[in-house]
Amino acid sequence: MKAAIMGYGTIGSGVYEVLLKNTETITKRAGEPIEVKYILDLKEFPGTPVEQKVVHELSAILEDPEIGMVVETMGGTTPAYEFVKRCLETGRHVVTSNKALVAAHGTELLEIAADKRVSFLFEASAGGGIPIIRTLYDSLAGEEIREISGILNGTTNYILTKMYEEGWAFDKALKTAQELGYAEHDPAADIEGHDTCRKIAILTAVAAGKEVNFEDIPTEGITGISDLDFSYAARLGVSIKLLGNCKCEGGEAWMEVAPALINAKDPLYSVEDVFNGILVEGNMLGMSMYYGSGAGKLPTASAVVGDMIAAVLAGRQPKPFGWSRERMTVHAAGELRRRYFARFEGSREQKRDDVRETFGQVKWIVLEGQDEFAVLTGEMTEAEFMAAAEKVAGLRQKIVVRT
Ligand code: HSE
């Protein structure tokens, strides 16, 4: 198999490295060697082993009949979408780590791949090195999936862990995550929750076999989480994590991306640093959890290489994979009844009666020296919470409690 890598950044160069380091094992498992013939990138990489392989035009790949597979690790949708489409249309297998591409154009690209009898695989697009997509599609094929809840972004989990446990400032934690190769080119995609949103959309689509429009998912990132929230979390003995959530019932989904309070008994509590953790509940299996490196060069590249081998083995008879054009009905998870952590300005003494009247029984948390107080509410919908909070007035923070 002769392949091309489009995009020689962190993941693309990682794929090259994995193919070199594990050549013997990969050749044995694929049944033939996988050789990288071209690297498509805007840069030159002089003095590196790939110097002679670099091309700058897609046509160099498309016009070479020897190229049977293309790895797309460019990120973003422009020009990745056009490039991938043309590779599939000309009968090349495509393996990608690009969640933005898969979430936005997966349905169409899966259809083209099926039509051309080639593989379009994207294990690395969610959960980094964790083999979650194939697990959902193959191993859990006999399950009705009821819930997928996960820490799906390595960068934000790294930032939250360093802020909470080491007292780092947000900017220092983000800069280090960038240096370690975890963050997106534009880290807003990580910290605003968009990366997690695309990943939970992909996982839900694979599990349900229906297209999920990521734009239907209410999405909030971690930029509103402050040191003070961590002080309350420490007092309560809980952690704060950015979660992508999906609950499925009757063929419909209730979804959300938002920070959540996680209690110490929850398996997601101890998922720290760049690690991802994904809880999957099936109607027969019950709860299962998948854990591993969620970002970074070699873990992500490992998932790409696994897909490359799968594509070689499938050859011109790829098995059905992905989801159909049928669109999943997505509701906001806020319609479900959940508990909330909320901070209000003022004192407990001033607002005790208002809180009792609107929220009923709550757990109070008061930190010394603050001009505010916090409560843990009972179960309610988001609309009920907002109506009650408006009556109390002075809402400063609201974080859902994972149950
Ligand atoms: N920026 C992503 C993350 C990379 O931090 O999880 C892996 O998809």
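When a ligand or atom number is given, it counts from 1 through the structure's own listing order. Quick note: residue numbers are just sequence positions, from 1.
Remark: ligand 1 atoms within the under-4.0 Å shell around heavy atoms of Asp190 are 1 (N), 2 (C), 3 (C), 5 (O). The ligand atoms of ligand 1 that sit less than 4.0 angstrom from a heavy atom of Lys199 are 2 (C), 3 (C), 6 (O), 7 (C), 8 (O).
Closest to atom 5 (O) of ligand 1 among all protein heavy atoms lies Thr155 OG1, 2.6 Å. Scanning all protein heavy atoms for the shortest distance to atom 2 (C) of ligand 1 gives Glu184 OE2, 3.2 Å. Closest protein heavy atom to atom 6 (O) of ligand 1: Gly154 N, 2.8 Å.
Judged by distance alone, the side chains of Ser149 and Asn245 do bring a donor and an acceptor atom under 3.5 Å apart.
Between Asp64 and Lys2 there is no salt bridge, since no side-chain N of the basic residue sits under 4.0 Å from a carboxylate O of the acidic one. Salt-bridge check for Lys210 with Glu326: passed, with a basic side-chain N closer than 4.0 Å to an acidic carboxylate O. Contact check on Arg86 versus Glu82 returns no salt bridge, with no Lys/Arg side-chain nitrogen under 4.0 Å from an Asp/Glu carboxylate oxygen.
Close to ligand 1: Gly294, with a non-hydrogen atom less than 4.0 angstrom away.
Between Trp323 and Phe120, the distance separating the two ring centers is not shorter than 6.0 angstrom.
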